[in-house]
Colleague: 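Structure in structure tokens, see below.
Because the structure is predicted, anything quoted here is derived from the model rather than measured. Protein chains get the first letters and strands the later ones, always in sequence-line order, with residue 1 at the start of each. The figures that follow rest on heavy atoms only: side chains count, while hydrogens, waters and symmetry mates do not.
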Amino acid sequence: MTLRPIYQQLLAAYGPQHWWPGETPFEVMVGAVLTQNTAWSNVERAIHNLKRADALSPEALLAVPVTQLAEWLRPSGYFNVKAERLRSLCAWLLAAGGVRALAQRETHHLRRELLAIKGVGPETADDILLYACERPVFVIDAYTRRIFSRLGLIEGDEHYEVLRAHFEAALGRGHRNVPLFNEYHALIVFHAKSHCRKRPLCAGCPLAASCRGRI
DNA sequence: AACCAGGAGACAT
DNA sequence: ATGTCTCATGGT
């Protein structure tokens, strides 16, 4: 596939992105839920509220009333919904034996468990698997659909699992690909936010060579 | 002032 | 299996 050269072009243009923006695996998980259909700048405010209240742990989040949690989450939007979603995530984490205990589980088993949590869909599950648990899964999001459909490489409306399988098959599935999948998704998000918001192909787009003749 | 942002669940068809 | 509605804040 042409997915390798596209990655090289993005990396050459933007450099390493050092994802996920979060200091601990648990903070990554929280961020993955809070950023659902929400600008990251708003998520940062909510996470800052949690840190300021010294509440950024599964135990602390479960110890306070939902109304209090929702108040801390207010800047990230959907705060009532997300308060419940964080609680179900934390309840699962504690039942699983804590964040550290996740290392024992096999990736596919872990993925099914994550998807069983209310408020964790395919993308959030894969964010957690890749960026918190360092598992080799390729994250599909709205940016990925938009960019690669404009490049003519996918339709864009395929089911999530179809696209994930497609990208993973093209790039390889081994554990050695964790850094690649990490960087690739981060670059996709950065690229989508800097270029191509409205136009298919902008002046100075690092993917111009891959676009040529297709758009 | 409409439109969008690193989705997911509930529900009807 | 495929649409539609809802959830909500802050930036452009």
Colleague: Whole angstroms only, please: what is the CD-P distance between E84(A) and dA8(B)?
Modeller: 18 Å
Colleague: Generate the contact string for nucleotides 6-12 of chain C. Rules: B means base contact, S means sugar-phosphate contact only, - means no protein heavy atom under 4.0 Å.
Modeller: -BBBSS-
Colleague: Which residues satisfy the salt bridge (Lys or Arg N to Asp or Glu O under 4.0 Å) test with R85(A), sequence neighbours excluded?
Modeller: none
Colleague: Once you round to the nearest 0.5 Å, how far does CD of Q36(A) lie from NZ of K82(A)?
Modeller: 6.5 Å
Colleague: Under 4.0 angstrom, heavy atoms only, what part of the nucleic acid is A46(A) near: base, sugar-phosphate, or nothing?
Modeller: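 The answer is nothing, as A46(A) stays clear of every strand by at least 4.0 Å.
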Colleague: Rounded to the nearest angstrom, tell me the gap between atom CD1 in I128(A) and atom P in dG7(B).
Modeller: 14 Å
Colleague: Given atom CG of D141(A) and atom P of dA8(B), what is their separation to the nearest angstrom?
Modeller: 10 Å
Colleague: Whole-Å distance between dA8(B) P and R87(A) CZ?
Modeller: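 Going from R87(A) (CZ) to dA8(B) (P), I get 21 Å.
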Colleague: State whether R145(A) and D157(A) are salt-bridged, where the test is any N-O pair (Lys NZ or Arg NE/NH1/NH2 against Asp/Glu carboxylate O) under 4.0 Å.
Modeller: no
Colleague: Just checking L73(A): base, sugar-phosphate only, or nothing, at a heavy-atom cut-off of under 4.0 Å?
Modeller: nothing
Colleague: Please determine if a side-chain N or O atom of H159(A) lies less than 4.0 Å away from the OP1 or OP2 oxygen of dA1(C).
Modeller: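 So the side chain of H159(A) is outside the cut-off, no N or O lying under 4.0 Å from OP1 or OP2 of dA1(C).
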Colleague: With E23(A), which residues qualify under salt bridge (Lys or Arg N to Asp or Glu O under 4.0 Å), at least two apart?
Modeller: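 Scan of E23(A) (salt bridge (Lys or Arg N to Asp or Glu O under 4.0 Å), adjacent residues dropped) gives K51(A).
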Colleague: Expressed in angstrom and rounded to an integer, what is the separation of L86(A) atom CG from dG7(B) atom P?
Modeller: 16 Å
Colleague: Please figure out whether K118(A) or E123(A) has its closest DNA chain B nucleotide nearer the 5' end.
Modeller: E123(A)
Colleague: For dA8(B) versus dG10(C), give the span between their P atoms, rounded off to a whole number of Å.
Modeller: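 After rounding to an integer number of Å, I get 22 Å for this pair.
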Colleague: Check whether NZ of the Lys or CZ of the Arg R74(A) lies under 6.0 Å from the centre of the six-membered ring of F79(A) and within 45 degrees of that ring's axis.
Modeller: yes
Colleague: Taking atom types as modelled, find out whether D126(A) and Y160(A) have a side-chain donor-acceptor pair closer than 3.5 angstrom.
Modeller: yes
Colleague: Search all heavy atoms of P136(A) against all heavy atoms of V178(A) and return the closest pair with its distance.
Modeller: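 So the two residues come closest at N-CG2, 3.6 Å.
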Colleague: When rounded to the nearest Å, what value does the distance between P atoms of dC5(C) and dC4(B) take?
Modeller: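 The answer is 16 Å between these two P atoms.
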Colleague: Can you tell me the distance, in whole Å, between the CZ atom of R145(A) and the P atom of dA5(B)?
Modeller: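 My rounded result for the distance is 14 Å.
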Colleague: Is V33(A) touching bases, backbone alone, or none of the nucleic acid, heavy atoms closer than 4.0 Å?
Modeller: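 Result for V33(A) = nothing.
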